[in-house]
Amino acid sequence: LRLLIERRADVNRALEDYSAGGTALLVACMRGHNEAVQILCTNGARRSRRHASLSEQSDEELAASSAGHDALAAWLCDTRWYTCSLHYVAYLTPEEARHHIRSGAYIGGFVDNEPDETRSHYRDLGEFKISAHSNSVPSPAHLAAALQASGRAPCGSAADLCLRAASPWSPTTHDLWPTPARARAVSLVRIGYFLGWGYAGCSTQLEWTWALVDLWRSLVVPLVMRRSDGSA
């Protein structure tokens with residue numbers, strides 16, 4: 001299953017040759033394949049809901065419950081409100097988390113300073129769909145923080161990467177930003193170098209030049225960077 005997903009198989013494609021119809025996620029729920037369900041969910045498999053309500057059971061949850069797969073039904077219930085890939089941070093491998101983070105998946109933060117248009121951007125990408133309308137739904141960053149508080153976010157883990165990505169831009173978190181945003185950060189840092197070396201042209205004190213560059217990179221760039229920067 002992982003190999004098929006790595007080869008970009010559509011996890012939401014309906015299984016036309018399956019007598020009961022439905023997607024791979026629905027079939028896995030009916031048959032009680034817990035690991036397959038988690039793999040599909042962490043890789044973007046959508047649950048079927050008749051209404052866009054987090055309080056409503058999905059078809060997959062009903063299928064697992066009807067088939068007597070109580071543990072799986074309970075897991076589906078506990079994760080019912082998960083609406084983006086990084087909500088599954090507790091179940092992601094570091095490689096999967098890094099891929100989602102660098103692809104621009106919604107992370108959230110502890111002080112949400114993203115403007116309204118950024119939230120709209122994530123909704124347009126298919127991320128943060130229902131939780132964008134509810135302040136009560138924890139962000140992936142908050143879930144990662146809870147894992148850290150319980151000692152389940154060792155260095156290099158998916159939760160650790162999520163927490164690093166949720167922090168402001170810096171040279172140490174640069175690799176965890178989406179490609180367009182990284183390109184913008186490089187351009188902004190270059191402006192700081194141009195300003196610093198422009199000042200050097202009229203001064204013999206190079207320490208002031210490097211001080212200006214460091215100030216620009218450590219204070220100015222993080223203030224203006226957004227994870228959606230550079231996106232279409």
Side-chain angles (χ1 to χ4, degrees), residues 1-108 122-123 125-132 134 136-144 146-147 150 152-154 157-162:
L1 180 58
R2 290 186 185 278
L3 180 60
L4 288 172
I5 292 174
E6 289 174 2
R7 297 295 178 88
R8 299 188 178 183
D10 184 0
V11 295
N12 291 300
R13 181 178 178 180
L15 304 177
E16 299 175 358
D17 57 344
Y18 186 69
S19 59
T23 62
L25 179 59
L26 180 60
V27 174
C29 290
M30 294 174 64
R31 297 185 176 182
H33 297 320
N34 296 35
E35 184 178 3
V37 170
Q38 289 188 3
I39 292 173
L40 289 165
C41 286
T42 57
N43 283 279
R46 294 189 296 271
R47 305 185 195 188
S48 301
R49 289 187 176 91
R50 292 177 177 82
H51 306 286
S53 172
L54 291 175
S55 62
E56 180 187 358
Q57 283 185 313
S58 65
D59 292 345
E60 292 78 11
E61 190 177 333
L62 290 170
S65 180
S66 300
H69 307 304
D70 296 335
L72 178 56
W75 184 86
L76 290 167
C77 179
D78 291 341
T79 60
R80 185 185 294 174
W81 49 270
Y82 286 14
T83 59
C84 68
S85 53
L86 286 176
H87 269 139
Y88 296 94
V89 63
Y91 308 97
L92 293 171
T93 65
E95 294 75 18
E96 289 171 335
R98 183 181 294 275
H99 169 74
H100 292 312
I101 289 170
R102 287 170 62 98
S103 296
Y106 174 74
I107 298 173
Y122 286 115
R123 288 199 292 273
L125 287 179
E127 299 277 5
F128 198 47
K129 291 178 182 175
I130 301 175
S131 54
S134 174
S136 63
V137 176
S139 70
H142 284 93
L143 294 178
L147 291 171
S150 61
R152 293 184 292 162
S157 66
D160 176 61
L161 292 175
C162 190

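Sequential numbering from 1 along the given sequence is applied to the chain's residues.
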**Study point:** Side-chain heavy-atom pair Tyr88, Glu96 within 4.5 angstrom cut-off
**Key:** no
**Study point:** Residue pair Ile39 / Arg2, side-chain heavy-atom distance below 4.5 Å
**Key:** yes
Practice item. Could you grab the distance from atom CD1 of Ile101 to atom CD1 of Ile107, nearest 0.5 Å is fine? Key: 5.0 Å
Check your understanding: Nearest 0.5 Å, what's the CD-CG distance between Gln57 and Leu62?
Key -> 4.5 Å
Practice item. Check the side chains of Ser103 and His100 for a donor-acceptor pair under 3.5 angstrom, ignoring hydrogens and angles. Key: no
Study note, to complete from the structure: Shortest non-hydrogen pair, Val89 vs Cys162, comes out as CG2-CB, 4.2 Å
**Study point:** Donor-acceptor under 3.5 Å (Asn12 side chain, Thr23 main chain)
**Key:** no
Practice item. List the steps, then state whether side chain to side chain contact (heavy atoms under 4.5 Å, CB included) holds for Thr93 with Thr42. Key: CA-CA 10 Å; Thr93 65; Thr42 57; over 6 Å; no
Review point. Rounded to the nearest 0.5 Å, how far does CG of Leu72 lie from CZ of Arg31?
Key: 14.0 Å
Practice item. Grab the two heavy atoms, one from Ala105 and one from Ser85, that are nearest each other, plus how far apart they are. Key: CB-OG, 3.5 Å
Practice item. Determine whether Cys77 and Glu61 make a side-chain contact, defined as any pair of heavy atoms from C-beta on separated by less than 4.5 Å. Key: yes
Review point. Taking atom CD of Gln38 and atom CG of Leu40, what is their separation to the nearest 0.5 Å?
Key: 10.5 Å
Practice item. Decide yes or no for His33 and His69: does some side-chain heavy atom of the first lie under 4.5 Å from some side-chain heavy atom of the second? Key: no
Review point. Quick one: are Leu143 and Leu86 in side-chain contact, heavy atoms under 4.5 Å?
Key: no
Point to revise | Cys41 vs Arg47, side chain to side chain contact (heavy atoms under 4.5 Å, CB included): CA-CA, chis, key distance, verdict | key: CA-CA 8 Å; Cys41 286; Arg47 305 185 195 188; 4.1 Å; yes
Practice item. Can you measure from CD (Glu6) to CG (Leu1) and round to the nearest 0.5 angstrom? Key: 10.0 Å
Practice item. Identify the heavy atoms of Val11 and Asn43 that sit nearest to each other, and give their distance. Key: CG2-O, 3.7 Å
Point to revise | Distance-minimising heavy-atom pair for Leu76 and Cys29 | key: CD1-SG, 3.7 Å
Review point. If you measure from CD on Glu60 to CZ on Arg80, what distance do you get to the nearest 0.5 Å?
Key: 12.0 Å
Point to revise | Tyr82 to Asp78 - nearest heavy-atom pair and separation | key: CE1-O, 4.4 Å
Review point. Do Pro138 and His87 have side-chain heavy atoms sitting under 4.5 Å apart?
Key: no
Review point. What are the two closest non-hydrogen atoms of Leu92 and Ala158, and how far apart are they?
Key: O-CB, 3.4 Å
